[in-house]
Amino acid sequence: MKKILKYLSGLLIAALLLLVAWGLVSYFGGYTIYRDVSYGEKEANVMDVYIPGEAYRRESNGVILFIHGGSWSGGDKADETIRCRMLASKGYLVANVNYTLWSEETADTYHVSKVLDELDAALLCVQEFANQKGITVDKAATVGYSAGAHLAMLYAYSRAETAPIEIVFTASLAGPADISPEVWGEDMTIRVAHRLTGMEISPEMLRSGEADDVLASISPVSFIDENTPPSLIMQGGKDTVVPPTNADSLVEKFTANAVPYDYVYLKNSDHSLLQNPIQHARYYKTLLEYCRKFFAK
């Protein structure tokens, strides 16, 4: 009996080692990373491009444009390395971008539309970069976390018709979607609107409706219509950074316009989205399903 148990234990250890080895190969292997590819003239206009071996064997590919968070004023593409490695290990081409951030020095001239222009340039650049390597890229998805998710949605919803590559879906992890006092309260709405537009907005402007057009221009929900690309969203129920009701606004607009969507709600998660691992895993499973479905069309 001891010999049998010892033998079985050996098999179990061997199996575990194989699983670990498989995981490491999946995580680190099967793709090449081209770091700090320049897509514009500004210092922040760089991206890491992940090209999986499978991309060379396909007639055409979709690219995932991944956008980091950081309140539009911080963060770095390095923050999203793990997520991008996971997607690349599954065979998908990824462009992990940096973009111009808000700062006190640029507050008067900073505008979110300029960041969307940078995303235009990033998509065009990654398409050309891949083409130089013999890879065709004709579809794209925008994916982001927090402020990056806001940019991913705002780009996909407001620029789908003019993007240099067809936007086939977007995915948000805890992204601001409805910049309004009803969702954020007056003080935070004023702060976010000022950061994204440089405009000084008063509580009176909010209450009178004078600021409605400004808020609509920076709110992804305001651009949703029947032509909006399919969307995947994840939101924590205990998020104190991005109010969970942002996701409710999205669902309401998706439903009203018959936009295909999936909503993964993490009841006990804060802004980190880490407290509900099963639901969190379901988000990534669904994200991969979106890649398979919409990049193949």
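What's counted below: heavy atoms across the whole structure, side chains too, no hydrogens, waters or symmetry copies. As the structure is a prediction and not an experimental result, all values here were calculated from the model.
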I would like to know whether Q275 and L266 meet side-chain contact (heavy atoms from CB on, under 4.5 Å); could you show each step before the answer? CA-CA 8 Å; Q275 288 77 22; L266 281 60; over 6 Å; no

Begin from the C-alpha positions of R207 and E186 and carry the test side-chain contact (heavy atoms from CB on, under 4.5 Å) through to its verdict. CA-CA 9 Å; R207 296 165 194 165; E186 287 187 351; 2.8 Å; yes

With a 3.5 Å cut-off and sequence neighbours excluded, list the donor-acceptor pairs that the side chains of residues 210-219 form with protein atoms.
from : atom 1 : to   : atom 2 : distance (Å)
S217 : OG     : V214 : O      : 2.6
S219 : OG     : I179 : N      : 2.9
S219 : OG     : L215 : O      : 2.7

Residues 287-295, side-chain donor-acceptor partners within the protein, below 3.5 Å, at least two apart:
from : atom 1 : to   : atom 2 : distance (Å)
Y290 : OH     : S231 : O      : 3.2
Y290 : OH     : D262 : N      : 3.3
Y290 : OH     : D262 : OD2    : 2.7

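In this structure a side-chain-to-backbone donor-acceptor pair under 3.5 Å is missing from D239 to G236. Side-chain N or O atoms of Y99 include one that pairs as donor or acceptor with a backbone N or O of H68 at under 3.5 Å. Judged purely by atom type and a 3.5 angstrom limit, N96 has no side-chain atom pairing as donor or acceptor with the backbone of D48. A donor-acceptor pair under 3.5 Å is formed between the side chain of D225 and the backbone N or O of N227. Under a 3.5 Å cut-off, the side chain of S146 and the backbone N or O of G148 do not form any donor-acceptor pair. The backbone N or O of N276 lies less than 3.5 Å from a partner atom in the side chain of S269, making a donor-acceptor pair. Remark: side-chain polar atoms of T106 are not paired, donor with acceptor, to backbone N or O of W102 under 3.5 angstrom. A donor-acceptor pair is defined here as one N or O able to donate and one able to accept, closer than 3.5 Å; such a pair exists between the side chain of N98 and the backbone of K77.
Contacts of E105 classified as side-chain hydrogen bond (donor to acceptor under 3.5 Å, both in side chains), with partners at least two apart in sequence or in another chain: S103. Residues passing the side-chain hydrogen bond (donor to acceptor under 3.5 Å, both in side chains) test with Y261: none are found, sequence neighbours excluded. In this structure, the side-chain hydrogen bond (donor to acceptor under 3.5 Å, both in side chains) partners of S113, at least two apart in sequence or on a different chain, are H111.
Remark: the T170 side chain and the T142 side chain contain an N/O donor-acceptor pair separated by less than 3.5 Å.
In the hydrophobic cluster analysis, where Ile, Leu, Val, Met, Phe, Trp and Tyr join through side-chain heavy atoms closer than 4.5 angstrom, V63 is grouped apart from L232. In the hydrophobic cluster analysis, where Ile, Leu, Val, Met, Phe, Trp and Tyr join through side-chain heavy atoms closer than 4.5 angstrom, V97 is grouped together with V37. Two different hydrophobic clusters hold I33 and L93 under the rule that ILVMFWY side chains link at heavy-atom gaps under 4.5 Å. Using a 4.5 Å cut-off between side-chain heavy atoms of Ile, Leu, Val, Met, Phe, Trp and Tyr, with links allowed through other members, L273 and F66 fall into the same hydrophobic cluster. Both L151 and L250 belong to a common hydrophobic cluster when Ile, Leu, Val, Met, Phe, Trp and Tyr are linked at side-chain heavy-atom distances under 4.5 angstrom.
In this structure, K238 does not pair ionically with D270, as no charged nitrogen and carboxylate oxygen lie closer than 4.0 Å.
Within the structure, no pair that satisfies the side chain to side chain donor-acceptor pair (under 3.5 Å) test touches residues 121-132, not counting sequence neighbours.
Within a 6.0 Å sphere centred on NZ of K285, heavy atoms belonging to other residues, nucleotides or ligands number 12 at most. For CG of N268, the number of neighbouring non-hydrogen atoms (other residues, nucleotides, ligands) closer than 6.0 Å is greater than 12.
Cation-pi geometry between R195 and W72 is not met at under 6.0 angstrom from the ring centre and within 45 degrees of the axis. Remark: K133 is positioned above the aromatic ring of F129, its terminal NZ or CZ atom under 6.0 angstrom from the ring centre and at most 45 degrees off the axis.
The minimum heavy-atom distance between A122 and M47, with the atom names listed, is O-CE, 3.7 Å. The minimum heavy-atom distance linking A95 with V126 is given by the pair CB-CG2, 4.0 Å. Across every non-hydrogen atom of Y31 and P52, the tightest pair is CB-CA, 3.6 Å. Closest non-hydrogen pair, S71 versus A147, comes out as N-CB, 3.7 Å.
Each of L154, L119, L116, I167 was scored for a side-chain contact (heavy atoms from CB on, under 4.5 Å) with R159, with one residue passing: L116.
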